[in-house]
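Bear in mind that the values here come from a model prediction, so they are computed numbers and not experimental data.
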Amino acid sequence: MQKIYTGTEVFNGVERLPDHAIIVENGIIEKVLPIISLPHDAQTTAHAHLIAPAFIDLQIYGANKKLLSAYPQKESLQDLYEHCLAGGTRFVMPCVATNSYETICECIDAVRDYWHTGGKGVLGLHVEGPWINKEKRGAHIEAFIHSPTVEQVKHLLDYGKDVIRIITLAPEVCSTQVIKLIQSYGVIISAGHSNSTYSEALKGFDDGIDLATHLFNAMSALQHRSPGLPGAVFQQESVMASIIADGYHVNFEMISIAKKILQQRLFLITDAVTEANIGYYQHTLDGDKYTSNGVLSGSAISMIKSIKNCIEKVGIELNEALRMASLYPAKAIGINNRVGMIHKGYEESLVFLDNNLAVINTSG
């Protein structure tokens, strides 16, 4: 089935092309060409002021009062997907924070069930903890935090094979043997909730860790005599880092500094939670952020709002802000050969925006 989308501008991931069309055949982009080159009898499927690669969120915990860890069912993931799709996000990585192994396994089951019943857009599971540092736990439940044994890691990885895509851990509490074991399952490791020294962080990166979770939040500080984990991220050019651009988790000026240093290595996540009154993580909406027991526990931001904040509050140019929500997270998990750009052979994964950057629709 052919679809033809036209835009006053099409952002292909590199540049904005004026008055261009996108021709899609059976979910795959066939051509990107000037509108004037379309046949005279071509019927347009949809038009927008700006068409861009749809967004990718690699860390989000739930939506519509269905926190995944509290409601580990396929219905929660369907709610999450529909919520994200309405906001321009086509692919999501649902996340479960530090919890019991039983709950983590239930979240794994939920993803499998969602996939087996035809669910779309969920890339896998992001497991954040419990192998983190208690000193940098943030809102995570201290009772579940521990340094893992090889047997514990293998059991979880075997159970979550092909579902777990990212594990956030503190490199200083996990042995090299554990890190190598996780990597042998094809799981991406991200350093986070860590109190590592600069040298400990660099060792983790040398062992193969290539991501950092929500830069600056819940990690050792960047100081002039102790660069900590952020300093190691800045120094190690193979490492990418996610960041939360809501103005509460990280000061906008600090995002600007990080962007100047990391450039294409910095990408956006929402870290969004939802209201919850059962389970270990009972989030309460506090203005336009969430708290749990008085501690900042997650954002209430959408990806399009993150992009707007990067443009309006940080001073990042539109094209680059869009890449931070699409191409760069795709690179972070190695799927940038099929999504994150609008080119021939890429999947139909598009967001349609008006002239105020409001989301009109998302396709794919």
Side-chain angles (χ1 to χ4, degrees), residues 58-59 61 68-69 72 93-113 115 122-214 217-220 228-229 232-233 236 238-242 280-281 332-334:
L58 300 184
Q59 191 162 346
Y61 301 83
L68 180 60
S69 62
M93 189 84 72
C95 188
V96 55
T98 295
N99 220 306
S100 67
Y101 286 114
E102 179 183 7
T103 295
I104 296 171
C105 289
E106 288 174 346
C107 292
I108 293 167
D109 292 340
V111 172
R112 282 208 179 98
D113 196 17
W115 285 343
V122 171
L123 295 167
L125 188 67
H126 183 159
V127 180
E128 187 187 25
W131 310 326
I132 59 175
N133 194 312
K134 292 182 180 182
E135 297 299 315
K136 294 296 180 180
R137 65 185 180 276
H140 286 226
I141 306 302
E142 184 174 3
F144 290 123
I145 296 171
H146 63 280
S147 179
T149 65
V150 169
E151 290 74 21
Q152 286 172 323
V153 173
K154 190 173 188 311
H155 179 269
L156 183 62
L157 292 172
D158 284 339
Y159 194 90
K161 187 173 175 57
D162 300 324
V163 173
I164 299 175
R165 291 291 303 278
I166 299 176
I167 292 178
T168 290
L169 54 77
E172 72 275 17
V173 305
C174 294
S175 67
T176 298
Q177 184 180 7
V178 161
I179 289 172
K180 295 299 183 184
L181 176 61
I182 295 170
Q183 291 170 331
S184 73
Y185 280 74
V187 174
I188 297 165
I189 303 176
S190 189
H193 286 274
S194 166
N195 201 31
S196 63
T197 64
Y198 177 77
S199 59
E200 286 172 333
L202 283 181
K203 181 182 183 301
F205 297 151
D206 287 341
D207 285 340
I209 297 173
D210 50 16
L211 291 183
T213 294
H214 44 55
N217 295 118
M219 63 176 59
S220 47
L229 178 52
V233 172
Q236 180 57 267
S238 64
V239 174
M240 297 184 71
S242 63
Y280 291 107
Y281 293 93
I333 59 169

Ignoring hydrogens and geometry, is there a side-chain-to-backbone donor-acceptor pair from [X] to [Y] under 3.5 Å?
X      : Y      : value
His126 : Leu58  : yes
Arg165 : Leu123 : yes
Trp115 : Gly124 : no
Thr103 : Ser69  : no
His193 : Lys136 : yes

To the closest 0.5 Å, what do you measure between [atom1] ([X]) and [atom2] ([Y])?
X      : Y      : atom1 : atom2 : answer
Leu125 : Ile166 : CG    : CD1   : 9.5 Å
Ser184 : Lys154 : OG    : NZ    : 8.5 Å
Gln177 : Asp207 : CD    : CG    : 12.0 Å
Asn195 : Glu200 : CG    : CD    : 8.5 Å
Leu202 : Leu229 : CG    : CG    : 9.5 Å
Ile104 : Asp109 : CD1   : CG    : 12.0 Å

When you compare the side chain of [Y] with that of [X], does any pair of heavy atoms fall below 4.5 Å?
X      : Y      : value
Ile182 : Leu169 : yes
Leu68  : Tyr281 : no
Ile108 : Leu156 : yes
Gln236 : Asp206 : yes
Val233 : Phe205 : yes
Ile164 : Tyr185 : no
Ile167 : Leu157 : yes

Determine whether more than 12 heavy atoms belonging to other residues, nucleotides or ligands lie under 6.0 Å from atom NE2 of His146.
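It does: His146 NE2 has more than 12 such atoms within range.
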Is the Tyr280 to Phe144 ring centre distance short of 6.0 Å?
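Between Tyr280 and Phe144, the centre distance is under 6.0 Å.
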Tyr61 ring center near His140 ring center (under 6.0 Å)
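No; His140 has its ring centre 6.0 Å or more from that of Tyr61.
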Exercise: do Lys203 and Thr176 side chains pair donor with acceptor under 3.5 Å
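Yes - a donor-acceptor pair under 3.5 Å links their side chains.
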Glu172 and its side-chain hydrogen bond (donor to acceptor under 3.5 Å, both in side chains) partner, picked from Ser147, Ser194, Ser220
Ser194
What one should report as the nearest heavy-atom pair of Arg137 and Ile132 is CA-CD1, 4.5 Å
